[in-house]
Every structure is written in C-alpha cells, then in structure tokens.
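One structure below.
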Amino acid sequence: MSDKHARLERLTSMLRRRGVILPAFEIHGGVAGLFDFGPVGGRLRRRLNNSWLEHWASHGDIVEIDSPTITPEAVLIASGHVGEFNDFMSECNACGGAFRSDHLAEGHHPNPDVLSQEELDQILHNNSIACPTCGGGDWKAARPMNLMFDTRIGAMKGGRAAYMRPETAQGMFMLFPALYRHFRNRLPFGAVQTGKGYRNEISPRQGMIRLREFNMAELEYFIDPEVEPAHDFSKWESIQFNLIPDPEFNQPMSIDPGSASAENIIRHPTVAWFMARTWDFLVSVGINPEMIRFRQHEGTEMAHYASDCWDAEIHGSYGWIECVGIAHRGCYDLAAHESATGDGNLRAWRPYSEPRTVDKTVLAGKGSIIGPAFRDQAGAVNDALQSIDEMPTGFPFELTLESGDSVTIEADMVEEKRIQTTEHGEWFLPHVVEPAFGIDRILWHIIDHSYVETEKGGEPYTVLRLPASIAAIDIAILPLMEKDGMGEVASHIHHQICAAPNLASYYDGSGSIGRRYARADEIGVPWAVTIDHESLQNGSVTIRRRDDGEQIRIQPDELVDALVSGAVTSLF
RNA sequence: GCGGAUGUAGUGAAGGGGUUAUCACCUGAGGUUUCCAACCUCAUGUCACGGGUUCAAAUCCCGUCGUCCGCACCA
C-alpha cells in the first residue's frame with residue numbers, strides 16, 4: 001500500500017515537474033478539483049480527444065456538434081438536473097456530521113426525495129431521528145446543496161437563471177431536430193460532443209478523479225425501439241470482457257460481448273455494441289485491457305434518466321474507477337423536453353410496412369339544423385358527434401356533451417358519412433443509448449498504466465510508454481553535439497517535422513545524449529532522432545525506439561513520411 | 001461540513017527569534033566529453049496569505065486560504 005502510495009507521489013511529482021498536469025491557480029493558493037494541463041499535458045489531452053472523435057466518426061452515422069456550457073435553468077429543470085442535483089443536507093449540532101436529509105427521513109415517509117426543506121425538518125424533529133455518528137437528535141435546518149454552478153444570463157437583475165452544464169448530453173437533445181434533418185429523417189444516428197462539464201463537488205479528492213471542471217465526451221445514439229438492432233459481434237468473439245452484473249441477477253463473469261447480449265445479461269444489443277466499441281477505444285489509447293471491467297448499475301443507484309447502465313471501470317492507483325457510463329436512457333430526455341416545451345419536433349417518423357387504411361362511419365352534424373336548434377351549444381354538439389365511438393342504434397338518441405349536458409339528437413340533424421383515412425406511419429420518441437466518457441479519468445489511467453519505473457545501470461529510470469498515437473510529442477531531435485554543423489542539420493529536421501500537419505517534435509541540444517534520451521522517455525516521446533558525424537557525410541540519421549532503445553539509420557525524408565502515416569514501427 | 005496532519009526554489013527534503021535560509025536533483029551558461037541521466041566552474045530560483053507579539057518573525061501567537069488523510073457526501 002505504501003509502495004503504491006510512494007509510486008503515486010513520484011508520478012504526480014513528475015507530472016508537475018514536466019508540465020503535464022499541475023494544480024491550477026497555484027500562485028493564488030490553488031483550488032481543489034481544478035487542474036491545468038501544461039505544455040505536455042495540453043497536447044496529450046488534445047490527442048486523446050481527437051482519438052475519441054475519430055473513433056466514433058469512423059462509424060459513418062455519428063456527427064460532432066458543439067453547444068454552450070451556459071445552460072438556461074428551464075433546460076435543466078426539464079432534464080431533471082435541477083431537482084435531482086438539489087439535495088438537502090442536515091447537519092448535527094452535536095457532532096457536526098452532515099447527511100442527506102432525505103436519507104435520514106427514510107422509513108418515515110414513502111418518498112422523502114420530494115419533500116421540501118420544512119417538511120424534512122419536521123420529520124427529523126417529530127420522529128427524533130438520531131444522528132448516525134453520535135446518536136444526537138438536534139439538527140440544524142436542512143440546507144439545499146446543489147452540485148451545479150449557478151449563474152445568470154444578463155447583467156441586470158432581470159437576468160435569466162442559468163447553470164454551467166453538468167453534462168454535455170443536453171446539447172445533443174436540444175439539437176435533435178437539426179440532427180434528424182441532417183440524417184434525412186432516418187434512424188439510427190448519433191451525435192458526439194466533447195467539452196467541459198461542471199460540478200461543484202463538496203469535496204474533490206483523488207487528484208484527477210473527481211474534478212469541479214472536467215472534460216467530458218458524450219455520445220447520444222438515437223434508435224427506433226421497435227427495430228431489432230443487428231450488430232455484428234464477431235470481431236470480439238474471442239475476447240472475454242469482465243462483467244459484474246447487478247448481483248440481484250448474476251454473478252461476475254468473463255464473457256464475450258456477443259454472448260452477453262444473446263444471453264440478455266446486457267439487456268440491449270446496442271448497449272452491448274457500445275460497450276464493445278468502448279473497450280476498443282480504451283485499449284487503442286493505451287489502457288491495459290486486463291484493467292478494464294464493466295459493472296452494471298443496481299436498480300437503486302441508477303441515475304434518474306437511465307433504464308440500464310453499465311460503467312466501464314478502470315483499475316489504477318486509486319482502485320477501480322468509473323471512467324465511462326453506458327446508459328440506455330430510453331426516451332426519457334426527449335419526452336421530458338417535449339412535455340416541458342410542447343415542441344413537436346423531437347419525434348421521428350416510423351413508416352408502416354403497409355399503409356393502414358381505416359374505414360370509419362361517422363355522424364356529421366348538419367349545420368343548418370344543429371345551429372338553430374342548439375345555438376351556443378352547437379359547437380359542443382358537433383364535437384361530441386365526431387367523437388362518438390359506436391353508432392347509435394336508432395333515432396332519437398341522447399348525446400352527452402363534454403360539459404356533462406345531455407342533448408337529444410333527431411335523425412334529420414345528422415347524416416352518416418363514410419370516411420376513409422390512410423395512415424402511412426406514426427411519430428414516435430426515439431430511444432437513446434448514451435456512452436459518456438470522463439476524459440480526464442481516462443487520461444489519468446493512460447498515464448498511470450504507461451508509467452513504468454525500471455532501472456538503468458543501477459539507477460532508477462522511468463518511461464512513459466504511451467501509444468505513439470496520443471503521445472504529446474512525436475519525436476525528439478537530438479544533435480549528438482552542437483558543433484560541426486550537427487546543430488543546424490538537427491534544427492532543419494525539427495522545423496521540417498513541426499511543419500507537417502499534426503506532428504510535433506522538440507529539439508534538445510543540452511546535456512549528454514543519455515540525459516536527453518532519459519528526458520524524452522520520461523514524458524513518453526516514442527521516437528528520438530540523433531544527428532551524428534555520419535549524418536554530415538551522407539544525410540542519414542539514427543532513429544531510436546523508446547521502448548527498447550533500438551536504433552536504425554534512415555534518411556530524414558523517409559522518416560517524415562513514416563511519421564505522417566504513423567508507420568515508423570514498420571521501419572524496424 | 002467535521003476531526004487530524006500539513007504548507008520552505010521546478011521536484012523532493014533539512015532547518016529555524018538575529019540581519020547572507022541549507023542540501024540533493026532539476027533548469028540555464030561556459031568548458032570538457034560524446035549514442036543511453038559522466039565531469040568541472042558559474043548562475044537563476046524558495047519560507048502560502050493577512051494580522052499580532054518583538055528592537056528584530058521564515059521561526060512564536062491568531063485568523064484566512066490551500067493541500068493531504070479519515071468520516072460524511074458523490075453523474
């Protein structure tokens with residue numbers, strides 16, 4: 001345990017020293033839960049973000065959007081966040097312990113979640129509920145504890161209440177009509193968004209794990225609940241995932257995702273499919289596959305919107321940490337926004353395989369008779385006639401109006417009409433499967449899994465074995481000496497590589513060559529080019545592989561091509 | 001929010017009522033060497049913030065803030 005702790009200290013020291021991840025605002029004392037990404041970390045995070053976007057864009061039916069972080073209160077009331085994030089806390093006057101008021105009131109009210117502050121205080125007082133810590137029963141008044149940062153839109157006092165978004169997902173729901181049009185009205189399709197989310201955590205701990213401002217990457221995949229999805233799981237046939245189902249139903253198991261779906265351990269095939277694609281992503285960016293498991297939420301911990309939820313948890317220095325949540329949200333969000341706004345554009349059209357023709361015989365009122373007969377009730381009579389389900393057996397008959405009044409309808413007041421309508425389809429609320437990624441947590445575990453402490457010549461030596469695709473710096477350019485023109489050649493190659501799209505190199509001419517290799521290894525630079533005397537004669541340079549120190553000679557142009565195409569490994 | 005610990009260069013640490021605050025590594029310059037953290041010389045940079053006690057505070061006291069650990073809370 002203390003070994004692990006010491007390793008963690010060395011790792012976080014390195015991250016600070018080398019400009020990867022640093023506590024934010026430190027010269028002003030720092031703020032828990034806020035971090036800076038430095039010159040190395042900033043690019044590392046961008047690379048991870050880009051890998052994530054590419055991963056989903058490669059599906060062909062998923063597009064990227066971007067929406068504001070400032071969100072009007074109405075949106076978050078509709079989505080349930082204002083109610084759900086507004087928990088009341090009660091504090092014990094004797095020992096100072098703080099607890100969620102509704103948890104304390106449990107057993108004394110069928111649904112304490114919905115109670116007001118006064119009602120909660122009443123229940124605590126009337127039932128003399130004891131403090132779980134000290135046994136006292138003297139409670140301070142309950143106080144709301146909202147985990148969202150609030151703000152106002154508009155400078156004057158008339159401004160609208162708003163919050164910093166606690167998740168990026170709502171942006172995708174707001175844009176559903178635009179997405180539906182973009183995809184030519186055909187499901188399924190998805191939208192992704194990466195960006196900041198905000199939660200005013202009571203007590204951020206564990207470094208990058210619980211943050212107050214964090215990088216989220218969320219995907220909303222809209223599906224027709226009545227279409228049985230066809231996913232090809234053959235790619236993962238021989239890969240065993242570690243699953244921890246809700247203990248109410250199943251024991252932990254190792255199983256391939258296709259079978260888990262077929263056996264209904266994962267309740268929806270699309271959820272299983274996204275779990276598998278999530279696994280692909282995590283492994284591709286450098287997460288150790290043995291350190292991944294999927295845990296199903298139990299009924300009681302399910303978020304307010306989810307009907308089935310699996311977390312991808314990654315094991316690292318802080319134990320098992322949830323890094324991805326894959327939730328089947330049903331039609332919760334679209335339905336909530338529809339009912340809050342009355343907007344009719346949050347639905348999709350499902351054509352029937354055969355048009356449905358409905359023959360109906362209706363009684364249509366004759367205006368010239370009904371009008372004079374019923375005067376100001378005539379409209380209501382017509383309405384009532386139209387909504388008759390069963391034809392009357394004869395005339396006259398009694399017709400009940402919506403107001404409850406009854407009127408007598410004579411035969412000459414109406415005529416029978418046969419109406420034929422053809423319905424080609426129906427509007428429905430799509431269901432949503434949402435994989436939501438915590439980028440910072442994933443980045444942390446990539447670093448954690450990549451950080452290797454070894455020995456070199458009896459000295460401790462550290463290497464960050466990042467995959468080349470996300471390493472902050474692609475290559476280090478090292479002149480063996482900065483004389484005889486080696487520095488100039490090196491500088492030229494450095495600029496050549498930096499000018500190539502999406503490549504970053506760094507030039508290092510200070511210190512011994514071994515020291516410079518060590519510096520590059522520490523922040524995970526996968527390749528190092530050395531310019532030596534032979535380079536001055538025939539232009540060739542050596543390229544060294546980070547993970548085993550092996551070197552080959554190569555022409556710089558060939559190297560740049562290989563870097564651009566990501567094929568440096570094949571040169572060895 | 002409660003309790004405990006704690007705050008000294010970029011990192012890690014030592015020290016301590018007295019005017020010039022140490023040490024190692026790191027970083028930079030010069031020299032020397034040159035393919036895996038070599039060496040020599042020199043240099044940059046630090047007592048969280050605010051108040052008090054004192055002739056004098058980085059040191060003692062108070063407060064604030066931050067950080068860490070435990071409790072509690074936690075999409």
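The structure displayed is predicted, hence computed values, not measured ones. Proteins get letters first, then strands, A, B, ... in listed order; numbering begins at 1 in each.
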### Task
Report the C-alpha separation of R515(A) and D508(A) in whole Å, then their side-chain angles, then the decisive distance to 0.1 Å, and conclude whether the salt bridge (charged side-chain N to carboxylate O under 4.0 Å, His left out) test is met.
CA-CA 10 Å; R515(A) 171 180 298 276; D508(A) 190 352; over 6 Å; no
### Message
How many whole angstroms separate atom CD of E455(A) from atom P of A37(B)?
### Response
13 Å
### Whole angstrom value for the distance that separates P of G12(B) from CZ of R7(A)
17 Å
### Task
Establish, with yes or no, whether the OP1 or OP2 oxygen of A38(B) is under 4.0 angstrom from a side-chain nitrogen or oxygen of S512(A).
yes
#### Entry: Comparing A518(A) and F214(A) on RNA chain B - which has the more 5′ nearest nucleotide
A518(A)
### Task
Would you mind telling me which of G28(B), C35(B), C36(B) lies closest to the side-chain atoms of L480(A)?
C35(B)
### Summary
Distance col, row L480(A):CG vs S535(A):OG, nearest 0.5 angstrom, shows 8.5 Å
#### Entry: Separation of the P atoms in C47(B) and U22(B), to the nearest angstrom
13 Å
### Task
Using whole Å, report how far CG of L478(A) lies from P of C35(B).
14 Å
#### Entry: Nearest-angstrom distance, P atom, G16(B) to U59(B)
14 Å
### Message
Can you tell me which nucleotide in G10(B), A37(B), U34(B) comes closest to the side chain of Y461(A)?
### Response
A37(B)
#### Entry: Nearest-angstrom distance from the residue atom CD1 of I27(A) to P of G66(B)
16 Å
### Same-atom distance (P) from C60(B) to A14(B), integer angstrom
15 Å
### Of M14(A) and R441(A), the one whose closest RNA chain B nucleotide lies more 5'
M14(A)
### Task
Rounded to the nearest angstrom, tell me the gap between atom CD1 in I477(A) and atom C1' in C35(B).
15 Å
#### Entry: F35(A) and L211(A), any side-chain heavy atoms less than 4.5 Å apart
yes
### Summary
Under a 3.5 Å limit on both distances, the Watson-Crick or wobble mate of C35(B) is none
### Query
Strictly by modelled atom types, are Q496(A) and D557(A) linked by a side-chain donor-acceptor pair under 3.5 Å?
yes
## Note on the structure
Rounded to whole Å, the CD1-C1' distance (I531(A) to U34(B)) equals 14 Å
### Query
Counting any heavy atom closer than 4.0 Å, what does R545(A) reach on the DNA or RNA strands: base, sugar-phosphate only, or nothing?
nothing
### Query
Contact class for R210(A) vs. all strands (heavy atom < 4.0 Å): base, sugar-phosphate, or nothing?
base
### Message
Closest approach to the side chain of R16(A), judged atom by atom: which nucleotide of C36(B), A37(B), U11(B) is it?
### Response
U11(B)
### Query
So what does E9(A) hit on the nucleic acid, given a heavy-atom distance under 4.0 Å: a base, only sugar-phosphate, or nothing?
nothing
### Task
Could you tell me if the ring centre of W527(A) sits under 6.0 Å from that of F572(A)?
yes
### Summary
From the list W310(A), W279(A), F241(A), F274(A), ring pair (Phe, Tyr, Trp, His ring centres under 6.0 Å) partner of F294(A) resolves to F241(A)
### Task
Scan G30(A) against the nucleic acid and name what it touches under 4.0 Å (heavy atoms): base, sugar-phosphate only, or nothing.
sugar-phosphate
### Message
How close do S540(A) and E534(A) get, counting heavy atoms only, and between which atoms?
### Response
OG-OE2, 4.0 Å
### Presence of donor-acceptor pair under 3.5 Å, side chain of R544(A) and base of C36(B)
yes
### Query
Mind checking the C1' distance from U19(B) to A13(B)? Whole angstroms is fine.
26 Å
### Message
Which nucleotide wins on minimum distance to the side chain of T542(A), given the candidates C36(B), C35(B), U11(B)?
### Response
C35(B)
### Query
If you measure from the C1' atom in G15(B) to the same atom in U8(B), how many Å do you get, rounded?
9 Å
### Query
How is D532(A) classified with respect to the nucleic acid when contacts are heavy atoms under 4.0 Å: base, sugar-phosphate, or nothing?
base
### Message
For a quick check of understanding: with a heavy-atom distance under 4.0 Å over all strands, which category does S13(A) fall into, base, sugar-phosphate or nothing?
### Response
sugar-phosphate
### Query
Across all strands shown, which nucleotide pairs with A29(B) by Watson-Crick or G-U wobble geometry, both distances under 3.5 Å?
U41(B)
#### Entry: Nearest-angstrom distance, C1' atom, A5(B) to U46(B)
23 Å
### Task
Name the pairing partner of A13(B), where a pair is Watson-Crick or G-U wobble with both distances under 3.5 Å, or state none.
U22(B)
### Query
Tell me: OH of Y517(A) to C1' of A37(B), nearest whole Å?
13 Å
### Task
Using the P atom on both, measure A37(B) against G30(B) and round to a whole Å.
22 Å
### Under-4.0 Å side-chain N/O to phosphate OP1/OP2 contact, R17(A) with U27(B)
no
### Message
In this structure, how many angstroms lie between the C1' atom of U33(B) and the CZ atom of R515(A), rounded?
### Response
14 Å
#### Entry: Rounded P spacing from U53(B) to G70(B) in Å
40 Å
### Task
Find the partner of G3(B): check Watson-Crick (N1-N3 plus N6-O4 or O6-N4) and G-U wobble (N1-O2, O6-N3) distances, both under 3.5 Å, and reply none if neither fits.
C69(B)
#### Entry: Complement of G63(B), any strand, by Watson-Crick or G-U distances under 3.5 angstrom
C49(B)
### Query
Can R295(A) be said to sit on top of W320(A)'s aromatic six-ring, NZ or CZ under 6.0 Å from centre and within 45° of the ring axis?
no
### Task
Under 4.0 Å between any heavy atoms, over every strand shown, what does R18(A) touch: base, sugar-phosphate, or nothing? Just pick one.
nothing
